[in-house]
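By convention here, the first residue in the shown sequence is residue 1.
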Amino acid sequence: MARQPFHMVEPSPWPILGGLSGLLVTSGLAAWMHGYGILLLSVALITTMLTMIQWWRDVVREGSFLGHHTAVVTKGLRWGMILFITSEVMFFFAFFWTFWHTSLSPALATGVQWPPAGITPVNPFSVPLLNTAVLLASGVTVTWAHHSLMEGSRREAMEALFITVALGMYFTYLQAEEYGEAPFTIADSIYGTTFFVTTGFHGLHVLIGSTFLLVCLLRVIFHQFSSTHHFGFEAAAWYWHFVDVVWICLYIDMYHWNSNALWS
């Protein structure tokens, strides 16, 4: 067979197993929320994690040891990541559009006012402001890690990535604390629904991004990135900057716009 620059992917069980695990996660969540226990959700999360670990192991092996990620393949991966992030932008835009529609034209069900009567918004200058500072700082450190990799400074790259992952985990902790102390719930009108669904999905993306960067940190530690061959990290950095930008938009809309001070 003639040599060519494309990677002819071999048959893999991970796509179908990943899809089935995702289905089990949604089914498990629905069962747990309706009081049927957490067993199905626990099994689903374990199978999802195992699939992720083994699938990523195979991709790392293909790119770092088998030499399948040629310049042509890497270009395709770049465009794939760009299109994926574009789809994520559309995903969040749908939630923002829901918020804009309900806040700019309040319905009778909300008392023709926004925020709806009886709901006290979260103070935008408390935990949300701290979380904004945390995420912006993580954007700086992930950029520091990128430049360190390009300059061949592996030690600095490890330090910067460790700080970035720590900041991501701190953000998740702060958001969980905020949820526990929020003066309203997801069941409190369209206000509570849009707030918790949008911030919750963003929090999920922070967890995914933190995991992505943690994998990159491990790959730096095991000498799997060089100054010219580190697209896995670049993809993680792009994703993390996307998460940062979404949070800034979310902070302005879901916290400041929702604040009673803007509507009094």
Student: Quick check for you: to the nearest 0.5 Å, what is the distance between D244 atom CG and C249 atom SG?
Tutor: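 Between atom CG of D244 and atom SG of C249 there are 11.0 Å.
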Student: Hey, are the side chains of E181 and V122 touching, using non-hydrogen atoms and a 4.5 Å cut-off?
Tutor: no
Student: Is there a side-chain contact between Y170 and L130 (heavy atoms, below 4.5 Å)?
Tutor: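 Result yes, sub-4.5 Å side-chain heavy-atom pair found.
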Student: Only counting residues at least two apart or in another chain, list the ones meeting ring pair (Phe, Tyr, Trp, His ring centres under 6.0 Å) with F92.
Tutor: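 In terms of ring pair (Phe, Tyr, Trp, His ring centres under 6.0 Å), with neighbours along the sequence ignored, F92 is linked to H205.
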Student: I would like to know whether I190 and W114 meet side chain to side chain contact (heavy atoms under 4.5 Å, CB included); could you show each step before the answer?
Tutor: CA-CA 10 Å; I190 186 67; W114 194 265; 3.6 Å; yes
Student: Run L45 and T48 through side chain to side chain contact (heavy atoms under 4.5 Å, CB included) and show every step you take.
Tutor: CA-CA 5 Å; L45 290 175; T48 300; 5.5 Å; no
Student: Less than 4.5 Å apart, any side-chain heavy atom of E177 and any of L174?
Tutor: no
Student: Between M52 and M169, is there a shared hydrophobic cluster once you connect ILVMFWY residues whose side-chain heavy atoms come closer than 4.5 Å?
Tutor: no
Student: Kindly assign one of parallel, tilted or perpendicular to the pair F225 and H230, based on the angle between their ring planes and the thresholds 30° and 60°.
Tutor: perpendicular
Student: Hydrophobic clustering (ILVMFWY, side-chain heavy atoms < 4.5 Å, transitive) - are V72 and L83 grouped together?
Tutor: no
Student: Going through the distances and angles, do L204 and I208 end up as a side chain to side chain contact (heavy atoms under 4.5 Å, CB included)?
Tutor: CA-CA 6 Å; L204 177 63; I208 294 171; 4.1 Å; yes
Student: Tell me whether F84 shares a hydrophobic cluster with F93, the cluster being built from Ile, Leu, Val, Met, Phe, Trp, Tyr side chains joined at under 4.5 Å.
Tutor: yes
Student: With ring-ring contact (aromatic ring centres under 6.0 Å, His included) as the test, would you mind laying out the steps for F231 and W238 before giving the verdict?
Tutor: CA-CA 10 Å; F231 174 70; W238 292 355; 5.8 Å; yes
Student: Looking only at non-hydrogen atoms, find the nearest pair between T194 and M254 and report the distance.
Tutor: O-CE, 4.2 Å
Student: Using every non-hydrogen atom in the two residues, find where G209 and W240 come nearest and quote the distance to one decimal.
Tutor: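 Closest approach of G209 to W240, heavy atoms only: C-CZ3, 3.5 Å.
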Student: Give the minimum heavy-atom separation between P115 and Y191, together with the two atoms involved.
Tutor: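 The pair with the smallest heavy-atom distance is CB-CE1, 3.6 Å.
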Student: Verify side chain to side chain contact (heavy atoms under 4.5 Å, CB included) between W32 and L39, making sure each step is shown before the conclusion.
Tutor: CA-CA 8 Å; W32 174 57; L39 178 60; over 6 Å; no
Student: Indicate, with yes or no, if W100 and Y251 share a hydrophobic cluster defined by side-chain heavy-atom contacts under 4.5 Å among Ile, Leu, Val, Met, Phe, Trp and Tyr.
Tutor: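 Y251 and W100: one cluster.
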Student: Just how far is it from atom OG1 of T51 to atom CH2 of W56, taken to the nearest 0.5 Å?
Tutor: 11.0 Å
Student: Holding to side chain to side chain donor-acceptor pair (under 3.5 Å), I want the full list of residues that pass it with T141, two or more places apart in sequence or in another chain.
Tutor: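 Expected list: T164.
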Student: If we only count heavy atoms from C-beta on, is the L40 to L24 side-chain gap below 4.5 Å?
Tutor: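 A side-chain contact under 4.5 Å exists here.
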Student: Show the nearest heavy-atom pair for residues V165 and L214, with the distance to one decimal.
Tutor: CG2-N, 3.8 Å
Student: Would you say the side chain of L213 lies within less than 4.5 Å of the side chain of L217, judging by non-hydrogen atoms?
Tutor: no
Student: Taking the side chain from T193 and the backbone from I186, do they hold a donor-acceptor pair closer than 3.5 Å?
Tutor: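 Confirmed, T193 side chain pairs with I186 backbone.
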Student: Determine the minimum heavy-atom distance between V25 and L41, stating which atoms define it.
Tutor: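 Minimum heavy-atom contact is O-CD1, 3.8 Å.
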Student: Could you list the residues that satisfy ring pair (Phe, Tyr, Trp, His ring centres under 6.0 Å) with F212, not counting sequence neighbours?
Tutor: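 With sequence neighbours excluded, F212 shows a ring pair (Phe, Tyr, Trp, His ring centres under 6.0 Å) to no residue whatsoever.
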Student: Just to verify, what does H202 make a ring pair (Phe, Tyr, Trp, His ring centres under 6.0 Å) with, not counting sequence neighbours?
Tutor: F171, W247
Student: Do V134 and S138 have side chains that approach each other closer than 4.5 Å (heavy atoms only, starting at C-beta)?
Tutor: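 Side chain of V134 against side chain of S138, heavy atoms only: no contact under 4.5 Å found.
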Student: Quick check: do V243 and V246 have side-chain heavy atoms less than 4.5 Å from each other?
Tutor: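 V243 does not reach V246 side chain to side chain.
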Student: Would F99 and F195 count as a close aromatic pair, with their ring centres under 6.0 Å?
Tutor: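 For F99 and F195, the ring centres are not under 6.0 Å apart.
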Student: Check A235 against M81 and note the closest heavy-atom contact, atom names and distance.
Tutor: O-CE, 3.4 Å
Student: Donor-acceptor pairs are to be reported for all side-chain atoms of residues 151-158 against protein atoms at under 3.5 Å, with residues two or more places apart or in another chain.
Tutor:
unit_1, atom_1, unit_2, atom_2, d
R154, NE, V220, O, 2.9
R154, NH2, I221, O, 2.9
R154, NH2, H223, NE2, 3.2
R155, NE, E159, OE2, 3.4
E156, OE1, W144, NE1, 3.1
E156, OE1, S148, OG, 3.4

Student: Report the residues that fulfil ring pair (Phe, Tyr, Trp, His ring centres under 6.0 Å) with F95, sequence neighbours left out, ordered by chain and then residue number.
Tutor: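 With sequence neighbours excluded, F95 shows a ring pair (Phe, Tyr, Trp, His ring centres under 6.0 Å) to F91, F201, given in chain and number order.
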Student: Can you check whether T102's main-chain N or O pairs, donor with acceptor, with S105's side chain at less than 3.5 Å?
Tutor: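 No, the answer is negative, given that no donor and acceptor are paired below the 3.5 Å cut-off.
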Student: Flag the pair Y255 / T199 as yes when at least one side-chain heavy-atom distance between them is below 4.5 Å, and no otherwise.
Tutor: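 When only atoms from C-beta onward are counted, T199 and Y255 do touch, with a gap below 4.5 Å.
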Student: In this structure, are over 12 heavy atoms from other groups packed under 6.0 Å from F162 atom CZ?
Tutor: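 It does not: F162 CZ has 12 such atoms or fewer within range.
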Student: Answer yes if L104 and W97 sit in the same cluster of Ile, Leu, Val, Met, Phe, Trp and Tyr residues linked by side chain heavy atoms under 4.5 Å apart, and no otherwise.
Tutor: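 Both belong to a single hydrophobic cluster.
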Student: Does M49, at its CE atom, have more than 12 non-hydrogen atoms belonging to other residues, nucleotides or ligands within less than 6.0 Å?
Tutor: no
Student: Where the side chain of D253 meets the backbone of L250, is there a donor-acceptor pair that is under 3.5 Å apart?
Tutor: no
